[in-house]
Amino acid sequence: MGNEDAGRRLSAWLDRFAAAAAKGDRLKLLSLFGTDSYWRDLLAFTWNLHTAEGKQEIGEMIQATLERVQPNAFALHEGASDTEGVAEGFFSFETVEARCIGHIRLKGNLCWTLLTSMEELKGFEEKKGRRRVMGAQHGAHRDRQTWLERRQQEDEALGRDLQPYCLIVGAGQGGLALGARLKRLGVPTVLVETHERPGDSWRKRYKSLCLHDPVWYDHMPYLPFPDDWPVYSPKDKMADWLEAYAKVMELNVWTSTTCQKASFEPKRGEWTVEVMREGKPVTLMPKHLILATGMSGIPNEPNFPGMERFGGEQCHSSRYKSSEVYRGKKCVVIGSNNSAHDICADLWENGADVTMVQRTSTHVATSEALFRFGISRLYSEDALDRGITTDKADLLNASVPYRLMPEILKPVTAAIRGADAHLLERLEKVGFLLDFGDDESGLFLKYMRRGSGYYIDVGASALIADGDIKLRSGVGIREITSDGVIMSSGEKLPADLIVYATGYGSMNGWAAKLISQDVADTVGKVWGLGSGTTKDPGPWEGEPRNMWKPTRQEALWFHGGNLHQSRHYSQYLSLQLKARLEGIPTPVFGVPQVHHLQ
């Protein structure tokens, strides 16, 4: 079957779907889906990020949403394709509230996977293109107010005369991406950031840090990187970009500001948030509170016996700054994931005697192999040449239900493993403990399930294989002494510096710290899919827990992830917040039960 036939099949399916939807014929709609089928909805039907799996769940979703949504105006886009009998393509459609885009895959004449994604709210479109504001006020006007004066007036009024509708905690890439989208939608928003400048969360890290994901994957909303931007961004270059982004997008970022306490008043439907801004207390009363602290929670600070006796320096990896003062010193890094590898390499580059302590296995893949066999299919110059823009790539990425990913990613992981075979063999020879995910599905699902347990190799693995970075693997920590680390094996590692690269807790730890433990427990664990694999306990949820969507705590949201996720999912979070600002009904379908608190 060719692409022309794929287009005909897809058009016929959409026509049947549209006709059944117009008649409200739920049984007819359900008959268009195969037994093994999946419908992932990003707001368009459910006002949620929700995946219905199988005909029963799809039927329940249709029953709950069809009458209200009234989908219509279906139109297949050009570029339908056929791969081994599976026809797929993009289409547009509308609902009562929004203009939307979808993606569908057919097996035979029945739907296998369906993605429906809200793109914009009717009547509340972004002021872009032909809708852009004039800017200049031509003619002569008394008491003319300049752009700068208006910006200064807005900054002075926010938090005093004008309360923000949204308060975003964190002005890293996640907070800035969401802030930019809310700005374009006209949602009054303040971002608070503990550091002195936007981008400092990158700027203040150790000097060798760089992004491990390639540039095509990492664009911010509205402002893609220039086409000469390096493939892997150095941390200071990224920090400067984020600072410039905040300025160009005219975001209200309060730097040197710390959130101290927050509480929600259900009767008023608003938060009371106490912040310290440049040493002065300010009370904000936003309607919505968004914790944009990445995908991680509070650092997991270990409690090894004897830590209080250590006479050198010790810190969690989140507080590690520079290796230059440790030239010739003995350094022990406890951990074996991304941060641990990066810190070990940084110490080695500056002449330290460094040992990595690996307590459990790690998935290792080189950045080159990950790009070649994974990311480059959708995010690369070759992908752009095939007409796959960043927006299209994001939707194609989102169109694959999480349930299907393990089987799809196993051969990709095998190909990466094959390309990296020589390096992996060398690592195993020195005792490095390797894994490829509980089910051999590789790095991406490890990230989505637990947010840890992997290293994207940008050079440290060869140092370990060569013995330049010393390794102790498969051992625990018995105690910390005044001058070193005693392993469970009884061996002592002398140390002038100990870095605890021991990861982070769930993001709801920030809710516990800022609001209360009760609220954190109400929300439950943040991140993970419920896969039943290591550090991702079931039951299966099918979407990242509590991310970018309503939680069990009214008006509390979590936003973050890598740069790609911050870019893409900030669109859906901003639309949910805009709808609530404008009083558009947002009945949420499919909010999961809370099964795990941390």
Side-chain angles (χ1 to χ4, degrees), residues 167-175 178 191-195 200-202 204-206 209 256-264 271 273-276 289-304 307-308 313-321 333-340 342-343 359-360 447-454 477 498-528 534-537 544-548 551-553 556-562 565-566 594 596-598:
L167 177 63
I168 300 174
V169 180
Q173 65 260 19
L178 178 60
L191 297 89
V192 295
E193 170 59 50
T194 57
H195 293 298
D200 273 355
S201 56
W202 288 92
K204 292 187 175 183
R205 300 293 301 278
Y206 49 93
L209 177 66
S256 301
T257 302
T258 304
C259 263
Q260 297 184 311
K261 185 179 180 182
S263 60
F264 185 71
W271 292 88
V273 185
E274 297 175 10
V275 305
M276 188 66 68
L289 180 63
I290 303 100
L291 302 184
T293 54
M295 51 150 286
S296 301
I298 294 170
N300 284 330
E301 301 278 2
N303 187 27
F304 297 123
M307 288 175 64
E308 73 282 356
E313 294 188 42
Q314 55 185 333
C315 66
H316 187 269
S317 58
S318 60
R319 298 191 300 277
Y320 173 81
K321 300 293 187 219
V333 178
I334 298 173
S336 58
N337 297 332
N338 263 339
S339 293
D342 284 350
I343 290 168
R359 295 179 293 167
T360 57
Y447 167 71
M448 291 308 305
R449 290 165 171 171
R450 54 183 282 192
S452 65
Y454 53 85
I477 308 299
I498 304 172
V499 179
Y500 302 108
T502 47
Y504 300 82
S506 169
M507 280 180 72
N508 69 348
W510 292 114
K513 184 177 181 180
L514 177 61
I515 310 166
S516 71
Q517 188 63 53
D518 285 345
V519 166
D521 291 346
T522 296
V523 170
K525 184 177 175 67
V526 180
W527 203 260
T534 303
K535 296 188 178 181
D536 184 27
R545 294 185 189 94
N546 288 308
M547 291 298 296
W548 317 297
T551 69
R552 290 278 172 179
Q553 168 58 53
L556 177 63
W557 310 78
F558 294 85
H559 174 63
N562 59 28
Q565 290 167 321
S566 294
V594 173
H596 306 283
L597 301 184
Q598 298 181 27

Report yes if some heavy atom in the side chain of [X] is under 4.5 Å from a heavy atom in the side chain of [Y]; otherwise report no.
| X | Y | result |
| --- | --- | --- |
| E193 | T258 | no |
| W271 | L556 | yes |
| S256 | T194 | no |
| W202 | L209 | yes |
| H316 | T502 | yes |
| Y504 | S452 | no |
| I290 | F558 | no |
| V519 | N508 | no |

Minimum heavy-atom distance between [X] and [Y], given as atom pair plus value:
| X | Y | value |
| --- | --- | --- |
| V333 | A501 | CG1-CB, 4.3 Å |
| R552 | T522 | CB-O, 3.3 Å |
| M307 | P302 | SD-O, 3.4 Å |
| G172 | S201 | CA-OG, 4.3 Å |
| I477 | R359 | CG1-CD, 4.4 Å |
| T360 | S336 | O-OG, 3.6 Å |

Verdict with supporting geometry, L289 and L514, side chain to side chain contact (heavy atoms under 4.5 Å, CB included): CA-CA 11 Å; L289 180 63; L514 177 61; 4.3 Å; yes
What orientation do W527 and Y447 show, parallel under 30°, tilted 30 to 60°, or perpendicular over 60°? perpendicular
Measuring from atom [atom1] of [X] to atom [atom2] of [Y], what distance do you get when rounded to the nearest 0.5 angstrom?
| X | Y | atom1 | atom2 | value |
| --- | --- | --- | --- | --- |
| C259 | E274 | SG | CD | 10.0 Å |
| H559 | L291 | NE2 | CG | 11.5 Å |
| S317 | N338 | OG | CG | 10.5 Å |
| I343 | Y500 | CD1 | OH | 13.0 Å |
| M507 | I298 | CE | CD1 | 11.0 Å |
| I498 | I334 | CD1 | CD1 | 6.0 Å |

Step-by-step side chain to side chain contact (heavy atoms under 4.5 Å, CB included) determination, T534 to R450: CA-CA 8 Å; T534 303; R450 54 183 282 192; 3.9 Å; yes
Does atom [atom1] ([X]) have a neighbourhood of more than 12 heavy atoms from anything else shown, all under 6.0 Å?
| X | atom1 | answer |
| --- | --- | --- |
| E301 | CD | yes |
| K321 | NZ | yes |
| K535 | NZ | no |

Could you check Q565 against M547 for side chain to side chain contact (heavy atoms under 4.5 Å, CB included), going step by step and ending with a plain yes or no? CA-CA 10 Å; Q565 290 167 321; M547 291 298 296; over 6 Å; no
Stepwise side chain to side chain contact (heavy atoms under 4.5 Å, CB included) test for R205 and Y320: CA-CA 7 Å; R205 300 293 301 278; Y320 173 81; over 6 Å; no
CA sep, side-chain torsions, deciding dist, call: R545, D536, salt bridge (charged side-chain N to carboxylate O under 4.0 Å, His left out): CA-CA 10 Å; R545 294 185 189 94; D536 184 27; 3.1 Å; yes
Check for a donor-acceptor pair, side chain of S566 on one end and backbone N or O of N562 on the other, with a separation under 3.5 Å. yes
Can you tell me if S506 uses its side chain to pair, donor with acceptor, with the backbone of V526 under 3.5 Å? yes
